[in-house]
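Values reported hereafter were calculated over all heavy atoms of this structure, with side chains retained and with hydrogens, waters and symmetry mates removed. Owing to the predicted nature of the structure, the values given are computational and were not obtained by experimental measurement.
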Amino acid sequence: MDPRGAYTADRASPLSGVPISTVHYWARHETLVPSVSAVRVKLWSYSDLLGLRTIAWLRATKMDDTGYRIPATTMPLVRRALAELRDLDPNLWTDEESPNVAVDRRGAIVLESDREPRNLDGQHLLEASAFDVLRPFDLGVE
């Protein structure tokens, strides 16, 4: 595979917001194996960066608007989200219109175009309480 657009762990870590030790741990334990190269030197793709961010957000303890602690999402639901991200149709992204990709707390992928959130089956959602995988977020890790 052509390594252009591929990132070493040193670069994938700050781009995804995930500590480098965690990036390596997830690769070793096959939580998210780098898709460009899984051997030395490991190389992560842009899609892998989205996966790293998704895992980090889902596994973090979160607070809702009322201050209620929301526990970390279970690993089976994290794996579901990663599978849905891998299965996204690359033709979704065109020069004219590219949907936002988000994930809800249950690990379901939500696409939003023209401010109308929908799941991958095309069903429109009334409310999408989801994490935009491209927006900045703080895991509280230095």
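For Ser45, the side-chain hydrogen bond (donor to acceptor under 3.5 Å, both in side chains) partners are Ser35, Asp48, not counting sequence neighbours. Considering only residues two or more places apart in sequence or on other chains, Arg80 meets the salt bridge (charged side-chain N to carboxylate O under 4.0 Å, His left out) condition with Glu84.
The minimum heavy-atom distance linking Ala27 with Pro34 is given by the pair CB-CD, 3.9 Å. Scanning all heavy atoms of the two residues, the minimum distance from Ala81 to Thr54 falls at CB-CG2, 4.1 Å. Contact detail for Val18 and Ser13: the closest heavy-atom pair is O-OG, 2.5 Å. Minimum heavy-atom separation, Arg59 to Thr74: NH1-CA, 3.9 Å. For the residue pair Thr31 and Met75, the shortest heavy atom distance occurs at CG2-CE, 3.7 Å. Nearest heavy-atom pair across Tyr46 and Tyr7 is N-CE1, 3.8 Å.
Here Arg53 contributes atom CZ and Leu50 contributes atom CG; the two are 8.0 Å apart, rounded to the nearest 0.5 Å.
Connection of Ile70 to Trp57 is not established within any shared hydrophobic cluster, with ILVMFWY side chains joined at heavy-atom distances below 4.5 Å, either directly or through further cluster members. Cluster membership for Leu15 and Val23, using ILVMFWY side-chain heavy atoms within less than 4.5 angstrom, is shared.
Side-chain contact between Leu58 and Leu77 is absent, with no heavy-atom pair separated by less than 4.5 Å.
Arg28 CZ: more than 12 foreign heavy atoms inside a 6.0 Å radius.
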Could you tabulate the donor-acceptor pairs under 3.5 Å formed by side-chain atoms of residues 36-44, not counting sequence neighbours?
residue	atom	partner	partner atom	Å
Ser37	OG	Val39	O	3.2
Ser37	OG	Val41	O	3.2

